[in-house]
K.L.:
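Pasting in a structure now, in structure tokens, and then I'll have a few things to ask.
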Amino acid sequence: MKRVVVDKNKCLGCGTCVALCPEIFELGEDGKARVKQKNQETEKLKNEIQEAIEACPVQAISHEQ
Ligand code: SF4
């Protein structure tokens with residue numbers, strides 16, 4: 001199963017991914033996005049996750065096998 005990961009070194013904390021897919025992304029205390037559930041990537045959320053990946057201004061979100 002694919003996992004979604006956020007590269008905190010790239011993340012700007014803009015909140016776009018959280019707005020697009022709040023089931024998966026949230027902003028942590030450090031002001032950076034993080035993945036809420038580690039093993040997600042359900043069919044239902046696939047499109048939202050893909051949108052977030054494409055919408056991130058710094059390409060901080062990616063899939064990890
Ligand atoms: Fe960070 Fe990208 Fe999400 Fe913005 S869209 S909060 S830069 S991971």
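Side chains included, hydrogens not; waters and symmetry mates left out as well; all remaining heavy atoms used. Each ligand, and each atom within it, is numbered from 1 in the order the structure gives.
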K.L.:
Do Lys10 and Ile61 touch side chain to side chain, with heavy atoms closer than 4.5 Å?
P.N.:
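Result no, sub-4.5 Å side-chain heavy-atom pair not found.
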K.L.:
Does Val6 reach the side chain of Val35, with side-chain heavy atoms less than 4.5 Å apart?
P.N.:
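Side chain of Val6 against side chain of Val35, heavy atoms only: contact under 4.5 Å found.
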K.L.:
So which protein N/O/S atoms does atom 1 (Fe) of ligand 1 have within less than 2.8 Å?
P.N.:
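Cys11 SG, with waters left out.
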K.L.:
Report yes if the side chains of Leu45 and Glu23 come closer than 4.5 Å at any heavy-atom pair, otherwise no.
P.N.:
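Contact flag for Leu45/Glu23 side chains = yes.
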K.L.:
Side chains of Leu27 and Lys32: does their closest heavy-atom pair fall under 4.5 Å?
P.N.:
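The answer is no, as the side chains (C-beta and beyond) never meet within the 4.5 Å cut-off.
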K.L.:
Quick one: are His63 and Val4 in side-chain contact, heavy atoms under 4.5 Å?
P.N.:
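Touching, per the 4.5 Å side-chain cut-off.
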K.L.:
Kindly indicate, with the supporting measurements, whether the criterion salt bridge (charged side-chain N to carboxylate O under 4.0 Å, His left out) is fulfilled by Arg34 and Glu29.
P.N.:
CA-CA 10 Å; Arg34 64 185 178 200; Glu29 301 85 50; 3.4 Å; yes
